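Report on the following structure.
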Amino acid sequence: MSTTLRAERPLFEGADWEFSTIQRCHEAIEEIAIKEMGLSVYPNQIEIIGTEQMLDAYSSIGMPLFYKHWSFGKHFARNEAMYRAGMQGLAYEIVINSNPCISYIMEENTAMMQTLVIAHAAFGHNHFFKNNYLFKQWTDADGILDYLEFARDYVMQCEERYGEAAVESLLDSAHALMSHAVHRYPRNRATDLRMEEKRERERRIHDEQVFNDLWRTVPGKSNTRADPTTEERRKALLQLPQENILYFLEKTAPRLASWQRELLRIVRIIAQYFYPQSQTKVMNEGCATYVHYRIMNRLHEKGLLTDGAMVEFLRSHTNVVFQPDFNDPRYSGINPYALGFAMMQDIERVCTEPTDEDRQWFPDIAGNGDPMGVLRYCWANYRDESFILQHLSPRLIRHFGLFHVVDDSSEQHLRVEAIHDERGYRKIRQALARHYDVSWTAADIQVVDVDLSGDRKLILHHRAMNRVLLEERDTRMVLQHLADLWSYDVLLKEIDPVGETVLKEYSASPRPGIAQSGGP
Amino acid sequence: MHIVDRRLNPSGKSLANRQRFMRRAKAQIQKAVHETSGSRGIKDADQGGEVVLPAKGVREPSFHRSATGGIRDHLLPGNKEYIAGDTIPRPQGGGGGGGSEGSPDGEGEDDFRFAMSRDEFIDLFLEDLELPDLAKRRVASAEAVSWNRAGYSVTGSPANLALMRTVRNSLSRRIALKRPRPEELDRLRDEIAALEADPDKVARKLELEEELARKVRRVGLIPYIDPLDVRYKRFDATPKPVAQAVMFCLMDVSGSMTEHMKDLAKRFYVLLYIFLKRRYKNVEVVFIRHTHQASEVDEETFFNSPETGGTVVSTALEEMQQVVAERYNPDSWNIYAAQASDGDNTASDNDRTASLLTDSILPMCQYYAYLEVGRDSEHFPPGFIRRDSDLWQTYSALIKSGAPMAMRKVGHRREIYTVFRELFAKKVGSEAVSA
């Protein structure tokens with residue numbers, strides 16, 4: 001790339017920008033991203049927003065439109081107060097996984113910053129959204145905006161029909177369970193959000209068509225509970241055990257009205273939409289950071305970026321990828337930008353200038369001379385956990401000085417299990433990968449049994465990995481919400497997977513209110 | 001690529017969420033507002049501000065693991081001294097091997113602050129206050145009418161145009177007068193055009209053209225909408241009974257009132273003034289200040305201009321009596337008074353004050369609030385027992401006899417809000433009446 005022609009004029013000088021600047025920057029970046037790096041992206045839509053709109057986006061989890069709920073107002077009020085008090089800066093951009101890919105950029109960014117965020121969000125994140133297998137499997141970028149609009153309107157209609165209070169209390173309960181409302185394993189059908197609205201309408205029309213009041217008068221089978229269904233069969237019918245609690249409630253809760261089920265479904269689908277993001281923080285940010293770093297450097301090489309802008313960029317870039325040590329007061333966990341970026345850079349190094357150690361650890365890619373190919377493959381086919389497990393190199397472990405500490409509450413001291421040495425590399429790599437494995441980090445709670453023809457008591461198990469119990473106060477509150485939705489008693493057992501002993505039990509009974517209407 | 005400029009989009013997109021949140025956290029916000037108001041300057045009483053809410057009432061719970069217990073892994077960067085097998089004493093209070101973990105849902109347990117606008121603040125602050133016993137109502141004053149729909153009229157302002165009715169009239173008129181329809185004209189024109197090329201049917205063509213001309217003329221003569229058709233929505237003014245009220249603010253500005261006391265009294269009246277202006281449309285406020293003589297003054301003078309002299313309370317009551325006689329007939333006005341004083345009065349005047357109150361003032365008042373401003377109680381030497389003031393003694397006797405009166409003492413500015421609220425708190429079971 002030494003034969004680069006130097007441009008006659010840089011893209012911009014000074015901090016000011018106008019729309020033509022953004023247009024020019026986008027074109028220059030696109031040139032590098034598509035032609036040189038081989039990225040494949042959704043078409044971009046760049047939206048300039050002000051502070052208040054950024055706060056708006058914050059409070060509705062980054063979405064441009066969302067249904068109304070008090071909790072979003074709470075987040076807005078909190079963010080606004082923090083921002084006003086100067087305790088919290090605002091992001092330079094927000095990017096939405098949709099087609100076209102919408103990036104919000106702040107009006108007060110400098111011209112350099114706009115270039116940076118376009119490279120970072122409109123190409124880095126955008127490429128990741130379009131190509132990563134998790135996003136392909138779980139999200140529908142074409143349909144999400146339409147679906148959100150449907151969700152907003154549906155919630156509004158429900159509020160008109162059934163009152164704000166009823167909708168609010170249902171949404172409260174649904175939000176409480178949102179963290180356990182995803183299918184972790186893909187089913188055989190890709191999500192198609194555009195169909196959702198249509199399906200909802202069809203369901204309702206079908207219900208209306210087949211409604212016949214006569215059925216109510218037909219005498220039921222009087223307690224002829226022929227051969228009591230075996231537990232096996234019952235569980236199979238209800239698809240138990242089930243870890244997607246909202247899904248289970250939507251399909252099975254005995255006393256919810258159909259609009260309530262639809263609201264549960266909306267919350268559940270939105271939770272599912274965000275599921276891939278929580279599994280790919282390191283990769284997503286790493287990908288975007290690596291892309292913007294490469295692009296900014298290339299722009300500078302081509303003479304499209306002034307030296308001044310380059311210094312400004314490097315300053316902001318180093319801030320983003322800064323990783324404080326564990327005993328630094330600024331330490332708050334491992335910075336996904338730092339780890340992701342370092343790993344991507346490391347792969348580039350392994351591909352181009354491998355050491356003997358690299359040849360030993362990464363025989364298949366060491367020195368193959370095609371870093372972009374390897375990176376594009378990684379971005380498409382890994383999530384954080386598998387990516388770290390495969391690609392964290394000993395060199396990086398040494399660079400970060402990673403060490404592994406085990407804190408067993410039954411022992412008096414913490415123990416250093418492994419450090420960045422020959423014996424520790426694999427252990428550290430494994431342990432770090434596990435930190436990004438959702439099935440390891442999220443509490444494993446499943447609906448295990450319910451006797452629908454008996455007392456209808458819902459039984460859940462939490463398999464307390466490493467004997468770490470649930471946080472008590474929140475658990476009681478969430479369980480109460482669960483009981484309200486289920487409308488019968490609910491029992492939650494915390495079970496030690498080693499030895500299957502019950503460590504703790506919670507139970508809750510429904511409060512009157514949510515489920516009054518009979519039958520689905 | 002598209003660039004969209006969203007900066008000019010209407011703001012306040014999350015207003016609905018904010019209102020929901022405020023409604024949800026209302027009890028807590030209200031409590032916070034009352035607590036906050038004690039520490040605010042009176043000038044800010046009318047401003048918005050920040051309040052601090054405890055996080056727990058608006059908590060959004062979720063299933064997550066607790067921060068302690070069990071076996072935990074920590075992976076930490078920046079090792080300098082440890083080797084495998086080392087033991088580290090458990091850090092006190094910290095979650096693990098160093099650093100803060102943050103709670104799993106990303107939300108701290110901290111109380112959270114948020115800023116409220118002036119309107120939100122004042123509304124909440126004044127929400128459960130009222131003027132007691134706002135009973136006398138009468139049908140009066142021009143502004144107290146409500147407008148109700150009452151059919152249609154042929155005159156009115158364009159804003160009230162009844163479109164449906166107008167078009168209906170126009171339609172029936174057009175049918176009755178057989179106004180040719182545009183489709184008819186079009187058909188005729190088509191027919192003529194079709195005959196254009198055919199020389200044999202000239203006569204027929206002429207005939208049609210004549211008919212067309214006739215119809216076009218008719219269309220010109222019969223308007224689509226005639227002024228006759230136009231109807232307006234009619235509104236009738238219904239006079240509404242209104243409770244009129246007047247508040248007398250009586251302030252002692254005599255020499256015995258120290259700056260501190262005057263300051264307290266003024267703070268009290270500022271609050272009262274804000275309260276009345278905000279909550280009641282039809283309340284008039286009369287400012288009377290007195291030394292050994294009393295005069296009615298305007299708002300500006302009342303709050304700002306200095307004066308000094310002796311103390312004769314009855315003069316203020318006489319002035320009030322006079323103003324009432326001149327302008328506020330007790331039969332149709334709800335009369336309120338709030339008096340602030342240090343409690344001193346010329347000894348010879350106490351009886352006169354008491355009799356004025358019992359005989360004329362209290363009978364015509366719905367409510368009489370007395371605020372006694374004192375010295376900052378912290379400045380009293382220990383063991384010092386305060387003697388009740390002249391006025392306090394006089395008024396206590398009146399209250400015992402069941403007069404519609406309330407009185408409070410206030411010594412420090414932080415008590416003003418509380419006292420104010422006590423004096424005007426909504427009585428349980430009473431109904432809110434807005435004027």
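Chain letters run A, B, ... following the sequence lines, proteins first, then strands; residues in each count from 1. It should be emphasised that the depicted structure is a prediction, and the values quoted were computed from it without experimental measurement. Just so you know, these numbers use all the heavy atoms, side chains as well, and skip hydrogens, waters and symmetry mates.
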- [ ] Would you please say whether a donor-acceptor pair under 3.5 Å links the side chains of A/Asp444 and A/His461?
- [x] no
- [ ] Please determine, among A/Gln323, A/Gln45, A/Arg415, the option with the most heavy-atom pairs under 4.5 Å with chain B.
- [x] A/Gln45
- [ ] Sort out for me which of B/Ala84, B/Gly85, B/Pro89, B/Pro77 touches chain A most, counting heavy-atom pairs under 4.5 Å.
- [x] B/Pro77
TODO: May I ask you to check whether A/Ser173 and A/His481 show a side-chain donor-acceptor distance below 3.5 Å?
DONE: yes
Open item on the list: For A/Glu168, is there an ion pair with B/Arg24 - N to carboxylate O distance below 4.0 angstrom?
Closed with: yes
Task: Pairing of A/Glu159 and A/Lys68 as salt bridge, 4.0 angstrom limit - done: no
Open item on the list: Shorter than 4.5 Å, heavy atoms on both sides: which option in A/Asn44, A/Leu177, A/Asp496, A/Leu470 has the most such pairs with chain B?
Closed with: A/Leu470
Open item on the list: Among B/Gln19, B/Arg20, B/Lys80, B/His2, which residue has the highest count of heavy-atom pairs closer than 4.5 Å to chain A?
Closed with: B/Arg20
Open item on the list: Taking side chain as everything from C-beta outward and backbone as N, CA, C, O, which of these in A/Glu417 sits under 4.5 Å from a heavy atom of chain B? Side chain, backbone, both or neither.
Closed with: backbone
Task: Under 4.5 Å from a heavy atom of chain B, the part of A/His404 involved - done: both
Open item on the list: Does this structure show an ion pair linking A/Arg463 with A/Glu494, if we count only N-O contacts that are shorter than 4.0 Å?
Closed with: no
Open item on the list: Heavy-atom cut-off 4.5 Å, strictly under: side chain, backbone, both or neither for A/Ile118 against chain B?
Closed with: neither
Open item on the list: At a 4.5 Å cut-off on heavy atoms, which part of A/Ser410 comes close to chain B: side chain, backbone, both, or neither?
Closed with: neither
Open item on the list: With heavy-atom distances below 4.5 Å as the criterion, would you say the side chains of B/Asp73 and A/His435 are in contact?
Closed with: yes
- [ ] Could you check whether the rings of A/Phe66 and A/Phe72 sit parallel, tilted or perpendicular, using 30° and 60° as the cut-offs?
- [x] perpendicular
TODO: Evaluate the ring planes of A/His26 and A/Phe123, with Trp represented by its six-membered ring, and classify them as parallel (under 30°), tilted (30 to 60°) or perpendicular (over 60°).
DONE: tilted
Open item on the list: Quick check on A/Glu411 against chain B: is it the side chain, the backbone, both or neither that has a heavy atom closer than 4.5 Å?
Closed with: backbone
Task: Interchain contact, A/Phe76 with chain B, by part (heavy-atom threshold 4.5 Å) - done: side chain
Task: A/Ala464 portion near chain B, given a 4.5 angstrom heavy-atom threshold - done: neither
Task: Between A/Met465, A/His175, A/Gln53, the one whose heavy-atom pairs under 4.5 Å with chain B are most numerous - done: A/Gln53
Open item on the list: Can you tell me which portion of A/His420 sits under 4.5 Å from chain B's heavy atoms? Options are side chain, backbone, both or neither.
Closed with: side chain
Task: Heavy-atom proximity to chain B below 4.5 Å, by part of A/Pro324 - done: backbone
- [ ] Before accepting this row, confirm whether a basic side-chain N of the pair B/Asp236/B/Arg234 lies closer than 4.0 Å to the acidic partner's carboxylate O.
- [x] yes
- [ ] Against chain B, work out which of A/Glu107, A/Glu472, A/Glu27 has the most heavy-atom pairs shorter than 4.5 Å and name it.
- [x] A/Glu107
- [ ] Using non-hydrogen atoms and a 4.5 Å limit, figure out which bit of A/Arg434 sits close to chain B: side chain, backbone, both or neither.
- [x] side chain
Open item on the list: Please rank A/Arg330, A/Gln412, A/His399 by heavy-atom pairs under 4.5 Å with chain B and give me the top one.
Closed with: A/Gln412
TODO: On the 0 to 90° scale, with breaks at 30° and 60°, tag the B/Tyr82-A/Phe403 ring pair as parallel, tilted or perpendicular.
DONE: tilted
TODO: Measure from the side-chain N and O atoms of A/Gln114 to the backbone N and O of A/Cys25, and report whether any donor-acceptor pair falls under 3.5 Å.
DONE: no
- [ ] Tell me, for A/Leu492 versus chain B, whether the close heavy atoms (under 4.5 Å) come from the side chain, the backbone, both or neither.
- [x] side chain
Task: Salt bridge present between A/Asp421 and A/Arg398 (N-O < 4.0 angstrom) - done: no
Open item on the list: Below 4.5 Å, heavy-atom pairs only: which of A/Ile22, A/Ile49, A/Asp325 has the largest tally toward chain B?
Closed with: A/Asp325
Task: Per-residue contact mode, A/Ile428 against chain B (heavy atom under 4.5 angstrom) - done: both
